[in-house]
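Data first, discussion second: the structure below is written as structure tokens.
Note on naming: letters A, B, ... go to the chains in the order of the sequence lines (proteins, then strands), and numbering restarts at 1 for each one. Because the structure is predicted, anything quoted here is derived from the model rather than measured.
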There are 2 protein chains.
Amino acid sequence: MARGRNSGKATITDVAAVAGVSVAAVSKVVNGKGGISEPTRQRVLEAAAKLQWSPSAAAVALRGARTRTLGMVVGRTADLLTADPHFAVFISGIESQLSPLGYGLLLHIVGEEPEAELRAYRRLAEERRVDGVILTESRIGDTRFDLMRRLRLPALLVGTPWQDDPIPQVQAAGQDTGLREAVDHLVELGHRRIAYVSGPEDRVHTTFRRQVIESRLAGHGLRPSHVVVADFTAQDAADAVGNLVEPAAQRPTAIVFGNDTMAVAGVSAARRLGLEVPRDLSVIGYDDLPLGEIVHPRLTTVNQDVEQLGRAGAAALLALLGEAGVSDVAPPRPPSLVVRESTGPAPRG
Amino acid sequence: MARGRNSGKATITDVAAVAGVSVAAVSKVVNGKGGISEPTRQRVLEAAAKLQWSPSAAAVALRGARTRTLGMVVGRTADLLTADPHFAVFISGIESQLSPLGYGLLLHIVGEEPEAELRAYRRLAEERRVDGVILTESRIGDTRFDLMRRLRLPALLVGTPWQDDPIPQVQAAGQDTGLREAVDHLVELGHRRIAYVSGPEDRVHTTFRRQVIESRLAGHGLRPSHVVVADFTAQDAADAVGNLVEPAAQRPTAIVFGNDTMAVAGVSAARRLGLEVPRDLSVIGYDDLPLGEIVHPRLTTVNQDVEQLGRAGAAALLALLGEAGVSDVAPPRPPSLVVRESTGPAPRG
DNA sequence: CTGAAAGCGCTAACAA
DNA sequence: TTGTTAGCGCTTTCAG
């Protein structure tokens, strides 16, 4: 009577039969509802184990309208994905919160076109595949927050929203800490001509970072000697360095880059131009990729605890969804400067 | 009469009502079954669009026992994930096959312990959350293939299985091509003392690669001057270089590393020891990370089309699941050597 | 060509 | 404490 035709997959009915109880009893046991005697509980548990049964996710979802799945849509091409390995770590932070609660993460990687991204969210919502989504990297004029509201899809942003959008969000306190430390560090080393090579300014955080640099520099009575907006690629970084180097008299003695990849590419470019880092030029990155530790000179950069950001984001979204038993997650600490070998005293003259 | 109480989400009944047809008709339309007149079809489509309705994934899954979701379990710590950005690209290759067919990818990142990994698969199967799973990186003594069979969970391996396990699989032809080219390249440059720094030999591919190196070297009448098994970390690579360097007379003139991260770390270590690459020492990596292009000297390495591997794996699994309309995917091309600046003529003497 | 109705596996009233 | 039962939204015979 147990199992049978159903392609070998046990159902709650099979378990109930084996345990000699009703399906309701089984349901109550697996869901930890009360009103079940201990012996019965045991019998059910044994039967379930014997049949290797867990409640069907589809049936639970259909019944309760909760899928116990969170969604994430990543709008990036393969290239950018390789260049920025943070994303995998971010996800592993999310996972650490989800799996103890039996949640899964549905991931969509859709490439750059914003419409593809929006379409992915729309489908997630319409097909009711997820209970909520985690958003990252808000862009200038980001339309996702509005879309989520229209879709009535619970959403949480990790990072800084565009225009103070009231979307539920999580971010580290003191976002500006790392870059302020970076500027201070350079100024203390005697640098006065400091350039900044930014990533594309369509991201909220990119603009924010430039403003932090400028304002902190202003606090020291300085202005950035140059601000270059590049495309987060190595080639752009190399070009930027090429342009900044002439004329020598105006040459910045330090360059802060928008990410580590550009910074390392910048160091290489400088070397090709005959400049030695940090003797002739100091360089600071952002992200603190492992890469920074293995290059020579080791890279001074700004560290963020990306995994913790993922943990905190997932926990907050889960709480938003009314999930009980979400573990307490420490708030992400502010980004901070990691001083290594690519920064040194400003060259004299 | 349309929508209502149901928290604003339309159902097939709402659509049927708006279109003035039966739910069966709506179902047939969205599933492209025949037997529906064109005018009716139009009315249904309009109603669905108006209500922003798509079939509920849960209901479809419950009804048809297909979830239209594939699963993937990654057993890696955050550290390793950052160090090897390939994983994200692999996923984006998978996605490119899934999304046109309306499939999703459920991802679990579980950390190193094998049992956690197995548990994740087990849950995926028991809860029937996915129709199949994609496996990668088989290990020596890998128990996952057996587990998948026991679980009756359709699975496909991307890569080389352990002990010719007959699990459905996809891999590039000519796995050994890249490393054979690497050895030939070094030999042509006059190198005779060639060392190999391997990753941990619990992975099938790691052992395979060492064997390729050794056999190709043997083809030239050589043996690897040293074989070091490291842990894929930068520190290990640096240590390895430190050890290989003395005594100078026995020093290898070229080192092949198991991945780019170790190779770059090796270059930095060599430099700290006063060796210049490639003048005093040639270095070859494996993976062709973007990293290799931005360091100085730019890294000679072996390239694999990881995105294509993802595409091919997903397509094959989908086909295995009997999914119609899987697009034809070109088989992944063999890994191949990319010669850049970190290799040069063997030093004389 | 179209519609009525039977479940898919589960949870939550409600009864016993 | 335990069992019975009505759906959740959908697909699929089977009649009309």
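Picking from D/dT2, C/dC10, C/dT2 the nucleotide with the shortest atom distance to the side chain of A/Ser56 gives C/dC10. Taking every side-chain heavy atom of B/Ile36 into account, C/dT2 is the closest of C/dG9, D/dT5, C/dT2. The side chain of A/Ile12 lies closest to C/dG9, out of C/dG3, C/dA13, C/dG9. The listed nucleotides are C/dA13, C/dT2, C/dC10; the one nearest the side chain of B/Lys28 is C/dT2. The listed nucleotides are D/dG3, C/dC10, D/dC10; the one nearest the side chain of A/Val21 is D/dG3.
Between B/Glu137 and B/Arg76, at least one side-chain nitrogen of the basic residue sits less than 4.0 Å from a carboxylate oxygen of the acidic one, meeting the salt-bridge criterion. Ion pairing between B/Glu38 and B/Arg41 holds under the 4.0 Å rule for side-chain N and carboxylate O.
With rounding to whole Å, B/Leu51 atom CG is found 16 Å from D/dC10 atom C1'. As rounded to whole Å, 11 Å separates atom P of D/dT12 from atom CZ of B/Arg66. For B/Arg68 and D/dC10, the CZ to C1' distance is 14 Å, given to the nearest whole Å. Between the CZ atom of A/Arg129 and the P atom of D/dG9 there is a distance of 17 Å, rounded to whole Å. Put simply, CG on B/Asn31 is 15 Å from C1' on D/dT13, counting in whole angstrom units.
Once rounded to the nearest 0.5 Å, the distance linking CD of A/Glu126 with CG of B/Leu51 reads 10.0 Å.
No N or O donor and acceptor, one from the side chain of A/Lys9 and one from the base of C/dG9, sit under 3.5 Å apart.
If you check every strand for non-hydrogen atoms under 4.0 Å, B/Ser27 touches a base. Backbone-only engagement by A/Lys33 is indicated by non-hydrogen atom pairs under 4.0 Å involving sugar-phosphate atoms exclusively. A/Gly35 comes within contact range of at least one nucleobase, with a heavy-atom separation under 4.0 Å.
Residues B/Glu95 and B/Leu105 meet the side-chain proximity criterion, which asks for heavy atoms closer than 4.5 Å. You'll find the side chain of B/Val74 stays beyond 4.5 Å of the side chain of B/Phe90, heavy atoms only.
Of the two residues contacting DNA chain D, namely B/Ala24 and B/Leu62, the nearest-nucleotide position lying further toward the 5' end is that of B/Leu62. Heavy-atom nearest nucleotides on DNA chain C were determined for A/Ala58 and for B/Gly20, and the one closer to the 5' end corresponds to B/Gly20.
Taking only side-chain nitrogens and oxygens, B/Thr13 never comes nearer than 4.0 Å to OP1 or OP2 of D/dG9. Here A/Thr11 does not reach the OP1 or OP2 of C/dG9: none of its side-chain N or O atoms lies under 4.0 Å away. Between C/dC1 and B/Thr40, no contact under 4.0 Å exists linking OP1 or OP2 to a side-chain N or O.
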